[in-house]
Structure formats: C-alpha cells, structure tokens
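Have a look at the structure below, then the notes.
Just so it is clear: chains get the letters A, B, ... in the order the sequence lines come, proteins before strands, and each one is counted from 1. Bear in mind that the values here come from a model prediction, so they are computed numbers and not experimental data.
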Amino acid sequence: IAGITQAPTSQILAAGRRMTLRCTQDMRHNAMYWYRQDLGLGLRLIHYSNTAGTTGKGEVPDGYSVSRANTDDFPLTLASAVPSQTSVYFCASSDVGTASYNEQFFGPGTRLTVL
Amino acid sequence: EDKVVQSPLSLVVHEGDTVTLNCSYEVTNFRSLLWYKQEKKAPTFLFMLTSSGIEKKSGRLSSILDKKELFSILNITATQTGDSAVYLCAVASGNNRKLIWGLGTSLAVNP
C-alpha cells in the first residue's frame, strides 16, 4: 500500500451498535488525525495523535475514542452509534517536526450512516 | 477564538475564466496556511505558504499570502471543467499540529 487506507469504504449501522473505523498509513508519519465532514460544517477534528502512544481530543470528541498503539494504525471507535454521527470520516497523517509544519495527507474516507 | 473564513462560498464560471478565491484568518501564533482541493473524495494538497509576498505556483494555479492583512488568495487561470471542486483553506497555528479549517469555496466550471 502507498499512503493512507481506510476501511470500510461505507457502512450502514443501527443506532446503539459499536463500530470501529480503521486507518493505516505506510509513510511513517508521526502525527495522525480523524475528521468528520458534514455539509455546511466543513472538516471538524475529532481526535488526533502527535506520536505513537499519545492521543488528544479535537473539536468534536464526544462519542468517539481512539488509540495509537503503533505508528501506522489509528482506529476510531464509536462505542454506541447515534444518528448524529452520520457523516463522512477522514483519517489524515502528517510528518511534523518541532520546528516545521508539513501538510496533512488524507485517506479516501468512510461514509457512515447511522439509522 | 481562532477562525478561517473563505469567500465566496460558491462560484460558477465558464471554461477559460480566471478565478480568485479568498481565505482570511484570525489565529494566534500563525505558522502556515495550506490550500487543498477536494473533488468527490479526499482533500488533496495544493500549496503551503509561510512567508508573505512569495507566490507559489503550479501550472495554472498560484497562491500568495499576506501576513500583515491576514489573508491568502488562490488564483486559477484559464479554468477547465476539471477544476470544479471545493477548495479548502487551513491554517496551522501555535505549537500544536492541528489545522483550523475554513468551510471551503465550491467552484463549478461550466463548458
């Protein structure tokens, strides 16, 4: 693989179910991010990780959790899905140094519908 | 509160036209401004700007930053239907590695 992959591509989920969105990158980037994108609201950061073993809350973290056990993987879990979590979810990564900032690379996205 | 505002929200032009997209920002400790293009799927990176007055150029696209007036413009000359997309602006601020995103400008180029 090259770049970032996400799985599944799309999913329809019943409310109350648990769901994990997967994200894997092979660029050895230290930072990874999860966004949701909704019409009229743009890209909103859910959670991020600056390096393996650390995570942080973004703008809209409620109802979501993440883990970063290694450099490559950054799964996003919805513990008990609700209809308001219907969205397109993007995973991104970047190689950020202490004195520089580099662009974020995005995965292809997961379209999630919660009924 | 940090914010990034893009204008216009949407734009319809004819092939061959030149367009200018705007991005203004209010952030603490500005580090860089980034432009992305989003077609049907994921945003793809176009430019990163860190210094005022230095134009970045790629083919028919160019961008410049004004750190005094706190804005950037993205120009597209001789537009083509393939330029139809949402153009997103984002700003990196402070010592964290997060971006502050604008809502985007939706550009439609008609043949």
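Heavy-atom contacts from other residues, nucleotides or ligands closer than 6.0 Å to CD of B:E26 number 12 or fewer. The local environment of NZ in B:K3 is sparse, with at most 12 non-hydrogen atoms from other residues, nucleotides or ligands closer than 6.0 Å. Enclosure of atom CZ in B:R60 by more than 12 non-hydrogen atoms of other residues, nucleotides or ligands within 6.0 angstrom is indicated. Other residues, nucleotides and ligands contribute over 12 non-hydrogen atoms within 6.0 Å of the CG atom of A:L115.
Residues A:I4 and A:L21 fall into different hydrophobic clusters, defined by Ile, Leu, Val, Met, Phe, Trp and Tyr side chains chained together at heavy-atom separations under 4.5 Å. B:L103 and B:I73 fall into different hydrophobic clusters, where Ile, Leu, Val, Met, Phe, Trp and Tyr residues are linked whenever their side-chain heavy atoms come under 4.5 Å apart, directly or through other members. Tracing side-chain contacts under 4.5 Å through hydrophobic residues (I, L, V, M, F, W, Y), one never reaches A:Y35 starting from A:Y89; they form parts of separate clusters. Hydrophobic clustering (ILVMFWY, side-chain heavy atoms < 4.5 Å, transitive): B:V86 and B:I76 are in distinct clusters.
Minimum heavy-atom separation, B:A42 to A:P108: CB-CA, 4.2 Å. Minimum heavy-atom separation, B:P43 to A:L43: CG-CD1, 4.3 Å.
The distance from atom CE of B:M48 to atom CD of A:Q104, rounded to the nearest 0.5 Å, is 11.5 Å. Taken from OG1 in B:T44 to CD in A:E103, the straight-line distance is 11.0 Å, to the nearest 0.5 Å.
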Run the side chain to side chain contact (heavy atoms under 4.5 Å, CB included) check on B:Q38 and A:F90 step by step: do they pass?
CA-CA 12 Å; B:Q38 185 175 24; A:F90 287 106; 3.6 Å; yes
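Contacts of B:I100 with chain A are absent, with no heavy-atom separation under 4.5 Å from either backbone or side chain. Using a 4.5 Å cut-off between heavy atoms, A:L41 touches chain B through its backbone atoms (N, CA, C, O) alone. With a 4.5 Å cut-off on non-hydrogen atoms, A:L45 touches chain B through its side chain but not through its backbone. For a residue to count as touching a neighbouring chain, one of its non-hydrogen atoms must lie under 4.5 Å from one of that chain's; by this rule A:E59 does not touch chain B.
Checked against the 6.0 Å centroid criterion, the rings of A:F106 and B:Y36 qualify as a close aromatic pair.
Remark: side-chain polar atoms of A:Y33 are not paired, donor with acceptor, to backbone N or O of B:L99 under 3.5 angstrom.
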